Protein chains: 2
Amino acid sequence: MRSVVRDKEATKAKLLEAALDEFAEHGIAGARVDRIAAKAGCNKAMIYAYFGSKEGLFDELLKIQIDRMIEAVPITPDDLPNYAGRLFDSYVERPQVLRLAAYHRLENGFDAIPKAEAEAYQHKVEAVAKAQMEGKVSAAFNASDLLDLVVHTSILAFSTPNATRELVERAVRRLIAE
Amino acid sequence: MRSVVRDKEATKAKLLEAALDEFAEHGIAGARVDRIAAKAGCNKAMIYAYFGSKEGLFDELLKIQIDRMIEAVPITPDDLPNYAGRLFDSYVERPQVLRLAAYHRLENGFDAIPKAEAEAYQHKVEAVAKAQMEGKVSAAFNASDLLDLVVHTSILAFSTPNATRELVERAVRRLIAE
DNA sequence: TAGAAGCAACTAACCAGTTGGTTGACAGGC
DNA sequence: GCCTGTCAACCAACTGGTTAGTTGCTTCTA
């Protein structure tokens, strides 16, 4: 039988949910473990029991969120404008993930990219390269450059409050025009 | 007149230089006023005498850096690929400015954009619109959308370590292709 | 010599991380 | 059904180091 009051997995989930809001709003350095514990409705010591440290909590949180996004927004190499559009929508729907990743990038650089993300990236480059060889997508850029440009375009909302999905899709359509 | 040791402006300049490195590396929340003072070779109290607070120091620093960049990289509405390329180079040459702006955006959102930046943006939109009316640049996007896309493309190095000036210029060329 | 520039030392608050102990769930003996 | 030993889950209170910001005094220069 499953306990209701004392449930390790439920407590971890509550901490991760609270941490998502806190880290997305204040960054890693600006986040406060006391606020995370209070929002999760449990004691600060639980963070150290389950995640080791503030950084440990952030790392596990980022990994989970990135895995979720990779799964939720699969690449469609023969329809890159749509892929960029779906990425854009997912950032609008869950702005915390983009902010989490941005803070992580700023504070850790490109060297600390999570393994799952690097693997997914490699897989996507190969998918784009395959589509290019099959003539399904422009070969004006090599596969990794093209993927970088498409993904970068999808985070247009990071640069301007006037970004829309439509604008992102039109931009990508021009990138891959023959 | 020829004061060397006790020079208010020189002390402010040293503090601003030290603050640039510190804020760019650690962000606003992660920056430490003690480190800034130590690096500037003066006492922490000087920060409060000349800038009021840690945030006051950051705000003045950001304003100066943005003004400098606006002046150093003027827009050329009839050669947007080159404009994006020069922006890209300036970010590579002085990576701190981009990091400063990124941290500021993450922590303050779009509402806290410095006045000088907003004015320069408006001026650039008008310059692009004029070039479009004169037929010197594609009217496929409206002026502000186009400017947003060009500027966003120029910060490609924020998304990928593989960004080059050449790639940025080629991408912008495609955005404005007829 | 007045006033501006500069600083060592201080303060009060803050914050990540720890500790020592409590509570609740449950297995198994009776 | 009830007692009880065990252990995982949990937390209030604490610790020690850190941090932004202040003050009162000294030093330099016009």
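Every value quoted in this text rests on a predicted model; they were computed, and no experiment measured them. Residue numbers begin at 1 in each chain, while the letters A, B, ... track the order of the sequences.
- Taking atom CG of L15(A) as the reference point, atom P of dA16(C) lies 14 Å away to the nearest angstrom.
- Connection of I155(A) to L146(A) is established within a shared hydrophobic cluster, with ILVMFWY side chains joined at heavy-atom distances below 4.5 Å, either directly or through further cluster members.
- Judged by a 6.0 Å distance limit and a 45° cone about the ring axis, K54(A) is not positioned over the six-membered ring of F23(A).
- Per the geometry, CE belonging to M46(A) stands 16 Å off C1' belonging to dA16(C), to the nearest Å.
- Of the side-chain N and O atoms in S53(A), none sit less than 4.0 angstrom from OP1 or OP2 of dG17(C).
- Of the residues near DNA chain D, N43(A) and D34(B), the one whose nearest nucleotide (by heavy atom distance) lies more toward the 5' end is N43(A).
- For Y121(B) and D148(B), the side-chain atoms include at least one donor-acceptor pair closer than 3.5 Å.
- Out of dC15(C), dT22(D), dC14(D), the shortest distance to the side chain of K44(A) is found at dC14(D).
- Here dA9(D) is the nucleotide among dA16(C), dT22(D), dA9(D) with the atom lying nearest to any side-chain atom of Y50(A).
- Computed from coordinates, the F51(A) CZ to dA16(C) C1' distance equals 16 Å when rounded to whole Å.
- Side chain of K8(A), nearest nucleotide from dA9(D), dA20(D), dA16(C): dA9(D).
- In this structure, the nucleotide among dC11(D), dG6(C), dA9(D) sitting nearest to the side chain of A45(A) is dC11(D).
- Taking only side-chain nitrogens and oxygens, T11(B) comes nearer than 4.0 Å to OP1 or OP2 of dG6(C).
- Rounded to an integer number of Å, the gap from NZ of K12(A) to P of dA9(D) is 10 Å.
- In this structure, R32(A) does not reach the dC14(C) phosphate: none of its side-chain N or O atoms is under 4.0 Å from OP1 or OP2.
- Rounded to an integer number of Å, the gap from E9(A) CD to dC10(D) P is 10 Å.
- As judged by a 4.0 angstrom heavy-atom cut-off over every strand, A29(A) is placed among residues making no nucleic acid contact.
- Regarding I47(A), its CD1 atom lies at a distance of 15 Å from the C1' atom of dA12(D), rounded to whole Å.
- Note: CD (E55(B)) to P (dA20(D)) measures 11 Å, nearest angstrom.
- One interatomic measurement links the two molecules: OH of Y48(B) to P of dT19(D), which rounds to 12 Å at whole-angstrom precision.
- As judged by a 4.0 angstrom heavy-atom cut-off over every strand, A37(A) is placed among residues making no nucleic acid contact.
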* Walk me through it: do S159(A) and R105(B) pass the test side chain to side chain donor-acceptor pair (under 3.5 Å)? => CA-CA 9 Å; S159(A) 283; R105(B) 179 135 313 163; 5.5 Å; no
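- Across dC7(C), dA16(C), dG21(D), the shortest atom-to-atom separation from the side chain of K54(B) is found for dG21(D).
- Linking ILVMFWY residues whenever their side-chain heavy atoms come closer than 4.5 Å, directly or via other members, leaves V151(B) and L100(B) in distinct clusters.
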